[in-house]
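Any value given below was found using the heavy atoms of this structure, including those in side chains, with hydrogens, waters and symmetry copies removed. Protein chains get the first letters and strands the later ones, always in sequence-line order, with residue 1 at the start of each. All of these numbers come straight from a predicted model, not from anything done at the bench.
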Amino acid sequence: MALGATYNASEIEDKWYAYWMEHNYFHSEVDEREPYTIVIPPPNVTGVLHMGHMLNNTIQDVLIRRARLQGYNACWVPGTDHASIATEAKVVAKLKEQGINKADLTREEFLKHAWEWTEEYGGVILDQLKKLGASCDWERTKFTLDPEMSQQVIKSFVDLYNKGLIYRGYRMVNWDPVAKTTLSDEEVNHVEKQGNLYFIKYKIEGSKETLTIATTRPETIFGDTAICINPNDERFTHLKGKKAIVPICNRVIPIIEDEYVDVEFGTGCLKVTPAHDENDKMLGDKHKLEVIDIFNDDASLNSFGLHYEGKDRFVVRKEVTKELDEKGALIKTEQHINKVGTSERTKAVIEPRLSDQWFLKMEELVKPAIKAVLEDDDVVLHPKKFENTYRHWMTNIRDWNISRQLWWGQQIPAFFYGDGKEDFVVAESIDEALVLAKSKTNNNSLTTESLRQDADALDTWFSSWLWPMSVFDGLNNPDNKEFNYYYPTNDLVTGPDILFFWVARMIIAGYEYTDKAPFKNVYLTGLVRDKQRRKMSKSLGNSPDALKLINDYSADGVRVGLLLSAPAGNDLMFDEGLCNQGKGFSKKIQSAFSLTQMWNVDKTIPQPESSRIGIEWYKSKLQKALVEMDDHYSKYRISDALMTTYKLIQDEFCGWLLEIIKPAYQAPIDSKTYNEVMALFEDNLRIVHPFMPFLTEELWHNIEDRSPQEALCINTWPKVEPIDENLLKNFEFAAEVISGVRTIRKEKNIAFKDAIVLSVINGEKVDSVFDAIISKLVNISELNYISEALDSALTFRVKSNEYFIPMEGAIDVEAEIEKLKEELKYTEGFLRSVQGKLKNEKFVNGAPEQVVASERKKEADALAKIETLKTSLVSLS
RNA sequence: GGGCGCAUAGCUCAGUUGGUUCAGAGCACUUGGUUUACACCCAAGGGGUCGGGGGUUCGAAUCCCUCUGCGCCCA
């Protein structure tokens, strides 16, 4: 069955994906086999497939498909997360378009809209993964807001609270004024921005004197509650104990002393605004300063901003500067570059803000997770270089702010019964909360109506950090059969950008709840960048449409294209040309297949010697490639494993083996060769299948009719057999001979169809097993073994073997001599360097025996070659 | 400002404990080839002071120091 030009990738992909699904190959159930488990990094439920997803899901699919072929009970659990900030922001924006304001909705009403949105757009990304060929166990698909998933999150919150690890604190947090929520430190990006340093004059109370401070944020003067100087700074000794007057609002504030102030920076005088800067907060606490919060939750000014009330902070910055200037309080403005915290999601400039939030104590929790990765290797990061980054973050960890001022997510299970800060209980349900509240207050008249649940939701990562456990119901039901079998999982494949957000936290949670790491290996992929090294992003518009790529180059082609240049941990410079190379590889395999299907098989003819030896050689070559691939896979060098496969098929199988066994034009092929080659073709398909699942399944079924139990997807990895190293070595030699003949044919313009005679002085005593192959591949009519050099012949040498192609009259003796002299000169130079080493006693005594032996062999080879060259020269002149 | 990492062919990258196979691969490039699977092909070929400088060693892309240029993380 030939397919060639008729191969329609998209049709074939749909056909086989449906077939795989129909026969439930991707579904895993607990059995006696050893499990191999991967949990997907859950993408945002309303997201669409982008290059990063394609890359890491292709890698996961390669790993899981290979494991399946190797006989493991392979289980890849898919799912999505609710991405609270991103999704809530999208829903708010959509409602706004419809003229609905979130503030006018109740929590329940809003959540109804959010669920509608999720149901409408949710899961699109999972369907896109199917297009890519992802062999997930779809029956196990999970969503972080599924009832049983949420239940585990709540359970974990209550548990950690009861262990004293969760507390409520009034802290400076990162406030996103656009999303109107706090962010964790990890969700804040520090970006360099061009700003100004404003020099502002403050009057000293009861004096004509003034002092000057430098600030990047003049609008915060309304929140100033002190001026700070360094006690060692002699310039300001006269200010000690005095008070300053804040311009515009004319408030009187103390001048305090603290060594925290950098004498070098600005003017050496610092204005202190404890409500709006973390360092100022620290100074404020230390010196017991008043705290004045001047902002509303959208970062406009409140009544402390006086006549600026209601205006945005950046507008106020401009207007205040102008007013200060008019009042003569602005001394000067300098350009100043500083790093500004911005929201990862909304890009808004973060406002440090004091508020009540929920925190998770990290200090004790991280300990086992540090040990597991850095000491015990219970979790191995690939590549290893990320261990340093991990160490740095884990050893400098701060408490995790897990509350978000959002509705989309698990509502914090804290129930308030009074107005006091401590008037709450934490419980999995309101009924349990009521029991607790009654006993805490000794007030039996409390009812569920008197309880008010904290309005905030939990950080999404507080759901996903449980993911490898919760997808198997491991927190609800820790002793269940599946959890015991599939957990801990094997490999986790994700991007380095979420090493802290997610990976580290999963390890922490794993140890807290199971005393085990949730996975053994973490493979951190690179980020996908464009050719100009820019990160691919929607805003830059430099990310190709994933589905269009699949359409243009086939899913197999895109998979190969992505993997070809994706070494672990290195960023990937994406180039569509690579997909084209992938597509080309796919065509090459198809074309090789059609060749085999064009032959007529004749059972009566014997197997040619060239075919027999060629097949033996390829068997060893394939085995060698398998060993190499195992090594690459074990080190998560997926692109190297692919390259090994690529070269095996492209160069060794198509380039050499098929040429060796190919019958003459329109001649039949013997059945032994045909059957053996097809068996090897099947082995090739097995090896290629993890990379190109669709094409290989298609060809697999084209080779013969197979039952559903015989599908390639659930077949077996090739068996390990011994490698005949000697055969491989002899082939290398033969390949050099072939290359030598080809070079001469090219130089002398001898057409391939003109058969030539080749004679050899076999000084190397090379085995003649490959003679038949040499004769066939370079069209040699006779291959003679001789002992004396031939006159009027073109020559070339392989090691000390000399080859002759008789050529009447066409020999340029001078040129031949020149060629020989060149080779001689090079070889003599080489010999000198080798002998130099061998004469050096320190080398002979100091170097390992093996190394010295190899140098001696080099010496002997060089001497033999020189001998050959000299003899040839003598015979020519 | 603190920490980590990188620099090898035009591009993207391998190069394990310093030593056979060490200067490699793929792509790109140059030349030649198409009646006989594939031009998304085949064959042959060019191309590198291994970022600069110093050191250790019989021997350094590999180890040490230093300089330069990039990247990432954290503050």
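As judged by a 4.0 angstrom heavy-atom cut-off over every strand, Tyr646(A) is placed among residues touching the sugar-phosphate backbone only. Within the 4.0 angstrom heavy-atom criterion, only backbone atoms of the sugar-phosphate kind lie near Gln650(A); the bases stay farther away. Among the heavy atoms of the strands lying under 4.0 Å from Glu659(A) is at least one base atom, whether or not backbone atoms are also near.
A salt bridge links Asp377(A) with Lys384(A): at least one charged nitrogen is closer than 4.0 Å to a carboxylate oxygen. Ion pairing between Asp631(A) and Lys635(A) holds under the 4.0 Å rule for side-chain N and carboxylate O.
Spacing between C4(B) and A75(B) at atom C1', rounded to whole Å, works out to 15 Å. Spacing of C1' atoms, A25(B) relative to G47(B), comes out at 15 Å, to the nearest Å. Nucleotides G2(B) and U12(B), compared at atom P, are 30 Å apart to the nearest Å. Comparing the P positions of C11(B) and A28(B) gives a spacing of 15 Å, expressed to the nearest Å. G59(B) and C67(B) have their P atoms separated by 26 Å, given to the nearest Å. With both ends at atom P, the span from C40(B) to C29(B) equals 13 Å, rounded to whole Å. One C1' atom belongs to C70(B), the other to A23(B), and the distance between them is 24 Å to the nearest Å. Separating the P atom of A9(B) from that of G51(B) is a span of 8 Å, rounded to the nearest Å.
The aromatic rings of Phe691(A) and Tyr633(A) lie parallel to each other, with less than 30° between the two planes, well short of the 60° mark. Ring pair Phe653(A)/Phe681(A) is perpendicular by interplanar angle, where above 60° counts as perpendicular and below 30° as parallel.
For Lys647(A), whose side chain is taken as the heavy atoms from C-beta onward, the closest listed nucleotide among A25(B), C74(B), A37(B) is A25(B). With distances taken from any side-chain atom of Ser739(A) to the nucleotides A14(B), A44(B), A37(B), the minimum falls on A44(B). Each of U16(B), A14(B), A44(B) was ranked by its minimum atom distance to the side chain of Lys635(A); first place goes to U16(B). Proximity note for His392(A) (side chain, C-beta onward) versus G5(B), A43(B), G2(B): the nearest is G2(B). Taking only side-chain atoms of Asn388(A), from C-beta outward, the nucleotide of C38(B), C73(B), G5(B) with the closest atom is G5(B).
Neither side chain, Asn56(A) nor Thr525(A), offers a donor N or O lying under 3.5 Å from an acceptor on the other. Between the side chains of Asn388(A) and Tyr390(A), no donor-acceptor pair of N or O atoms lies under 3.5 Å. Remark: the Ser586(A) side chain and the Gln590(A) side chain contain an N/O donor-acceptor pair separated by less than 3.5 Å.
Tyr674(A) is linked by a ring-ring contact (aromatic ring centres under 6.0 Å, His included) to nothing, counting only residues two or more places apart in sequence or in another chain. Judged as a ring-ring contact (aromatic ring centres under 6.0 Å, His included), and not counting sequence neighbours, the contacts of Tyr646(A) are Phe585(A).
Where Asp631(A) and Lys583(A) meet RNA chain B, the nucleotide closest to each residue was compared, and Asp631(A) sits on the side nearer the 5' end. Judged by closest nucleotide on RNA chain B, Leu578(A) is the one of Leu578(A) and Trp599(A) placed further toward the 5' end.
The distance between atom OH of Tyr390(A) and atom C1' of C73(B), rounded to the nearest whole Å, is 16 Å. A straight line from CG of Leu564(A) to P of U12(B) spans 16 Å, rounded to a whole angstrom. In this entry the distance linking NZ of Lys753(A) with C1' of A43(B) reads 17 Å, nearest Å. Atom CE of Met643(A) and atom P of G15(B) are 14 Å apart (whole Å). Distance CD1 (Ile660(A)) to P (A37(B)): 16 Å, rounded to an integer number of Å. At whole-Å resolution of the value, CZ in Arg391(A) and P in C72(B) are 22 Å apart. Rounded to whole Å, atom P of G3(B) lies 12 Å from atom CG of Asn396(A). Rounded to an integer number of Å, the gap from NZ of Lys729(A) to C1' of U21(B) is 11 Å.
Contact annotation: side chain of Lys746(A) to base of U31(B), donor-acceptor pair present below 3.5 Å. The base of A37(B) does not come close enough to the side chain of Ser594(A) for any donor and acceptor atom to sit less than 3.5 Å apart. A donor-acceptor contact under 3.5 Å is not formed by the side chain of Lys587(A) with the base of C38(B).
The shortest side-chain heavy-atom distance between Ile12(A) and Leu695(A) does not fall under the 4.5 Å cut-off.
In this model, the phosphate group of G33(B) is not approached by any side-chain N or O of Arg742(A) to a distance below 4.0 Å at OP1 or OP2. Regarding contacts with the backbone of A37(B), a side-chain N or O of Lys662(A) is found under 4.0 angstrom from either OP1 or OP2.
In RNA chain B, consecutive stretches of 3 or more Watson-Crick or G-U wobble pairs with both distances under 3.5 Å are given as paired ranges: B:1-7 with B:68-74, B:10-13 with B:24-27, B:29-33 with B:41-45, B:51-55 with B:63-67.
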